[in-house]
Amino acid sequence: MATLEKIRNKAGLLVIVVGLALFAFIIGDFLNSGSTFFRQSHEKVAEVNGEKIDYQQYHQRVEEMVQYYKNQANTNSVPEEMMANLRQNVFDTMVQEVILDEQLDKVGLTVGPEELFDMVQGENISPEILQMNDFRDPETGMFNKAALLDFLKTINMNPAEMNGLTDAQKESIMQAKYSWLFLERNIKRSRLQQKYTTLLSKAVSYNKLDARAAYEGSAVSSDIAFAMQSYSSIPDSTVTVDQSAVKKLYEQRKEAYKRPESKVIECIAVDIRPSRHDYDETSRQIESLKEEFVASDEVAGLVNDKSDKSFVNAYASINSLNPDVRSFVASAEIGEVYGPVFEDEKYNMYKLVDKTVGPDSLDLAQIILPKMNQPEFTAYVDSLVNALRKGAYFAEAAAEHSIDQQAAMYGGRMGWATEADIVLTPMLGEEIKNALFAAPAVNHVVVANSTYYTHIIKILDKTPNITKYKVADIEMAVSPSSATYGDLYNALSQFIAQNRDIEKWDEKAKDAGYQVLSATLTANDQNVGAVRGSRQVVRWAFQNGKKGKISNIIDCGDAFVVAGMKGTIKEGYRSLESVQNSLKSELVAQKKGEIISNELKSKNLSSLDAYASAMDSKVDTVRFVSFDTPRITNIGVEPKLNAAISLAPVNQVAQPVAGNNGVYVFEVFNRNEDAPEYNEAEQINTLNASNMYRFGYQTIQSLVRKADIEDNRIRFY
């Protein structure tokens with residue numbers, strides 16, 4: 001009983017303890033689940049009409065796009081500028097997909113598994129796949145479905161099937177799979193957009209009146225004589241524009257002045273350039289090689305080891321060399337060395353390795369075949385070469401056999417090439433160069449192999465024999481040393497430590513030899529002004545919005561940058577004050593047009609010469625002006641003038657027309673109607689086909705503009 005009494009007395013405390021325990025349990029669970037929520041929010045690249053695009057999803061798509069670009073461009077690297085374009089392309093595509101999918105769901109349009117299968121490996125394969133050289137028969141140049149199916153089987157190998165492959169082979173398969181996934185997604189997306197665009201375009205069709213107007217707009221053109229008085233002939237100070245008119249025009253154009261959130265910063269950019277010590281050290285290094293360069297009979301290894309650029313094992317004409325080297329080789333003995341010499345921020349040292357006599361250039365055409373070791377393939381090549389050597393037409397053979405069908409369209413022509421051109425072409429190289437320049441005569445056919453291909457090359461022509469020179473070049477560019485990096489970094493760091501108030505940067509920077517740059521940045525800017533590789537500065541500005549905050553020193557590759565935050569311009573519309581000067585100029589031009597037109601009309605002039613005299617101008621002519629002419633020769637973009645010319649009678653001076661740049665008076669002296677005979681059905685079909693593309697594109701762009709899009713890419717890139 002005593003125990004129960006104690007419990008009753010402590011009941012209030014017990015309720016509080018239990019309550020705290022329950023609260024701790026609940027808040028703990030919330031924080032645990034909340035951490036997932038916050039993490040998901042942080043990894044959100046974008047949100048489109050409430051649908052999230054997370055980082056991993058976006059990054060995967062970017063990787064696929066990058067791999068596809070590398071394959072198409074035959075490169076292993078992507079420049080930063082191109083990388084930014086690829087990321088933007090992927091982002092725009094994913095946003096459009098979300099928006100378009102909403103519309104597709106409403107109307108029930110889809111691309112099912114069977115339809116996709118049919119487009120990628122069935123009976124109605126997509127033109128994008130049909131045109132790929134990887135799936136062409138090397139003998140016929142036609143699409144080879146078996147090659148496609150073999151490729152798909154390879155990229156879809158399971159882990160057990162890959163056990164016997166090297167890491168390089170596995171990596172190659174994965175890269176090919178990335179590219180295929182990218183292509184397959186694009187094919188499916190293109191089909192969906194085509195269906196949607198077709199559906200929309202069928203709702204809007206041109207009629208016979210539209211067809212007749214479109215035909216006459218381009219089929220009928222006019223030759224005119226004209227005189228023009230520029231608006232600059234009237235001083236702006238003599239024309240008054242009411243502020244209410246400026247405001248009215250601003251309201252009409254307001255949507256054009258919409259702007260995203262912007263950050264206003266000031267920054268100091270220090271170019272990372274070599275010091276005097278760096279120049280002296282580079283000079284010393286190249287001088288130290290001179291004795292070995294003179295003595296060596298095998299300069300290729302020395303050049304490849306010490307020079308900034310590789311040895312080119314090719315002879316060159318004297319005219320292709322720079323002036324200093326030209327003077328050197330003209331009188332030098334084989335083995336003689338010239339330099340070092342300094343020019344364009346680099347030191348060069350040259351050695352005349354050899355001389356020869358031969359043509360400087362060859363005019364070439366080629367047939368490219370896949371490289372194979374099978375006897376059947378060797379026999380096939382021999383048969384083709386024999387036919388060509390006996391006079392078979394090379395262009396026809398290229399069209400029939402070459403896997404490079406784009407070049408085959410021009411007879412397989414490679415154009416004129418020097419020895420260096422061939423050596424430096426990735427698909428060719430030294431062995432092919434040697435075979436070609438050793439060929440005995442024009443029309444000789446050479447067969448040579450590169451790493452992946454067999455080349456059948458015909459010498460169409462060659463230049464006359466001249467003396468050519470093989471020159472070895474050791475080149476050393478002067479670049480900043482680590483000590484120079486450190487000195488520049490430390491000096492800027494010291495300046496920032498002593499000047500934490502960005503409002504005083506201007507006056508202090510001049511004394512320190514720095515220049516302060518001002519910039520207004522949006523989240524999509526890739527650089528700050530002319531400072532290349534400065535995307536990190538843009539990211540800092542949007543992640544550190546506090547006014548007066550100063551960044552750490554940011555290494556942008558060729559420059560050190562430190563930025564200071566001046567403020568934020570919120571998303572919205574540009575103010576009337578910021579655009580009123582351009583609006584006022586437009587209204588002033590309109591007023592001038594009215595003034596000039598009224599003055600000319602009041603004079604009741606009857607000839608074009610009289611108008612030209614009154615306008616203090618001269619009569620000029622222009623031919624073939626139609627309603628659809630986008631830019632009139634020697635006049636410019638003047639749509640009002642286009643319309644007036646199309647409607648004007650022949651051999652009659654028209655009334656003054658106030659255009660964009662001045663007032664025009666003209667006379668049509670000839671009308672051209674030499675277009676094909678009008679075909680109403682054909683014209684309507686042409687207009688509808690054009691309308692389908694335009695209407696579909698404009699619809700998607702309109703949906704994007706109206707969508708609620710939250711763009712968080714600045715957090716990641």
Side-chain angles (χ1 to χ4, degrees), residues 45-46 48 51 53-76 78 82-83 85-105 108-137 142-159 161-162 165 169-199 403 405 693 696-697 700:
V45 169
V48 183
E51 183 170 332
I53 300 174
D54 66 52
Y55 171 77
Q56 292 299 330
Q57 180 187 9
Y58 174 69
H59 180 70
Q60 176 72 19
R61 295 282 292 272
V62 170
E63 286 296 306
E64 291 173 9
M65 172 71 94
V66 168
Q67 191 56 53
Y68 188 79
Y69 169 82
K70 287 180 178 179
N71 289 346
Q72 295 302 306
N74 193 26
T75 182
N76 291 321
V78 182
M82 177 56 67
M83 195 71 206
N85 290 338
L86 296 180
R87 291 192 190 109
Q88 183 65 46
N89 185 288
V90 170
F91 181 80
D92 292 342
T93 299
M94 295 184 76
V95 167
Q96 290 181 19
E97 286 175 2
V98 172
I99 293 169
L100 189 59
D101 284 347
E102 294 175 354
Q103 305 303 314
L104 295 171
D105 287 343
L109 291 177
T110 62
V111 173
E114 296 84 2
E115 186 176 1
L116 181 60
F117 179 90
D118 190 45
M119 287 191 292
V120 299
Q121 54 181 302
E123 297 302 319
N124 298 288
I125 294 176
S126 166
E128 293 181 66
I129 298 175
L130 294 175
Q131 293 169 10
M132 294 178 70
N133 287 333
D134 292 343
F135 308 132
R136 289 182 181 274
D137 189 310
M142 303 298 290
F143 172 72
N144 186 337
K145 189 173 182 180
L148 170 63
L149 296 177
D150 285 344
F151 170 81
L152 293 175
K153 182 178 178 181
T154 300
I155 65 172
N156 289 304
M157 291 171 65
N158 59 48
E161 293 173 311
M162 290 190 181
L165 302 180
Q169 289 172 325
K170 292 177 182 177
E171 177 64 22
S172 178
I173 290 172
M174 291 307 298
Q175 290 176 355
K177 189 168 186 175
Y178 271 137
S179 291
W180 179 260
L181 289 173
F182 173 82
L183 177 64
E184 191 175 279
R185 184 182 292 109
N186 275 4
I187 290 170
K188 181 178 180 180
R189 180 56 50 181
S190 295
R191 176 61 64 88
L192 280 169
Q193 289 186 355
Q194 181 184 19
K195 288 182 175 183
Y196 185 62
T197 298
T198 302
L199 178 66
I403 62 174
Q405 283 297 295
Y693 170 78
Y697 173 80
I700 293 173

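Values below: all heavy atoms of this structure, side chains included; hydrogens, waters and symmetry mates excluded. Here, residue 1 is the first one in the sequence, and each next residue gets the next number.
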Minimal non-hydrogen separation, Lys145 against Gly122, with atom names: NZ-O, 3.1 Å
Side chains of Val45 and Met94 in contact at under 4.5 Å (non-hydrogen atoms): no
Spacing of Glu123 atom CD and Phe117 atom CZ [to the nearest 0.5 Å]: 9.0 Å
Point-to-point distance, once rounded to the nearest 0.5 Å, from CG of Leu192 to CD of Gln103: 13.0 Å
Results of side-chain hydrogen bond (donor to acceptor under 3.5 Å, both in side chains) for Asn89 - residues two or more places apart only: none
Non-hydrogen side-chain atoms of Ile129 and Val120 separated by less than 4.5 Å: yes
Contact summary for Leu199 and Leu109, nearest pair of heavy atoms: CD2-CD1, 4.2 Å
For Asp105, side-chain contact (heavy atoms from CB on, under 4.5 Å) partners two or more places apart: none
All pairs passing side-chain hydrogen bond (donor to acceptor under 3.5 Å, both in side chains) where residues 108-117 contributes a residue, at least two apart: Glu115-Arg191, Glu115-Lys195
Under the side-chain hydrogen bond (donor to acceptor under 3.5 Å, both in side chains) test, residues paired with Asn156 that sit two or more places apart: none
Note, Thr93 side chain near Arg61 side chain (heavy atom, < 4.5 Å): yes
Distance (rounded to the nearest 0.5 Å) between Glu97 CD and Gln193 CD: 8.5 Å
Partner set under side-chain contact (heavy atoms from CB on, under 4.5 Å) for Leu181, not counting sequence neighbours: Glu64, Lys177
Listed partners of Phe91 passing ring pair (Phe, Tyr, Trp, His ring centres under 6.0 Å), at least two apart: none
Pairing residues for Phe135 by the ring pair (Phe, Tyr, Trp, His ring centres under 6.0 Å) criterion, not counting sequence neighbours: Phe151
Pair Glu171-Gln175, side-chain donor/acceptor within less than 3.5 Å: yes
Any side-chain donor near an acceptor of the partner, Asp92 and Gln96, under 3.5 Å: no
With sequence neighbours excluded, residues passing side-chain hydrogen bond (donor to acceptor under 3.5 Å, both in side chains) with Ser126: none
pair Val66-Tyr69: side-chain heavy atoms closer than 4.5 Å: no
Least distance between heavy atoms, Val111 atom then Lys188 atom: O-CE, 3.7 Å
Residues forming a salt bridge (Lys or Arg N to Asp or Glu O under 4.0 Å) with Asp101, sequence neighbours excluded: Arg189
Met162: partners by side-chain contact (heavy atoms from CB on, under 4.5 Å), with sequence neighbours left out: Met157, Leu165, Lys170, Ile173
Donor-acceptor under 3.5 Å (Asp118 side chain, Asn124 main chain): yes
Rounded distance (nearest 0.5 Å) linking atom CE of Met132 with atom CG of Asn144: 13.5 Å
Non-neighbouring partners of Thr198 that pass side-chain contact (heavy atoms from CB on, under 4.5 Å), sequence neighbours left out: Gln194, Lys202, Met692
Ring pair (Phe, Tyr, Trp, His ring centres under 6.0 Å) partners for Tyr68, two or more places apart: Phe182
Residue pair Ile53 / Gln57: nearest heavy atoms and the distance that separates them: CA-OE1, 3.7 Å
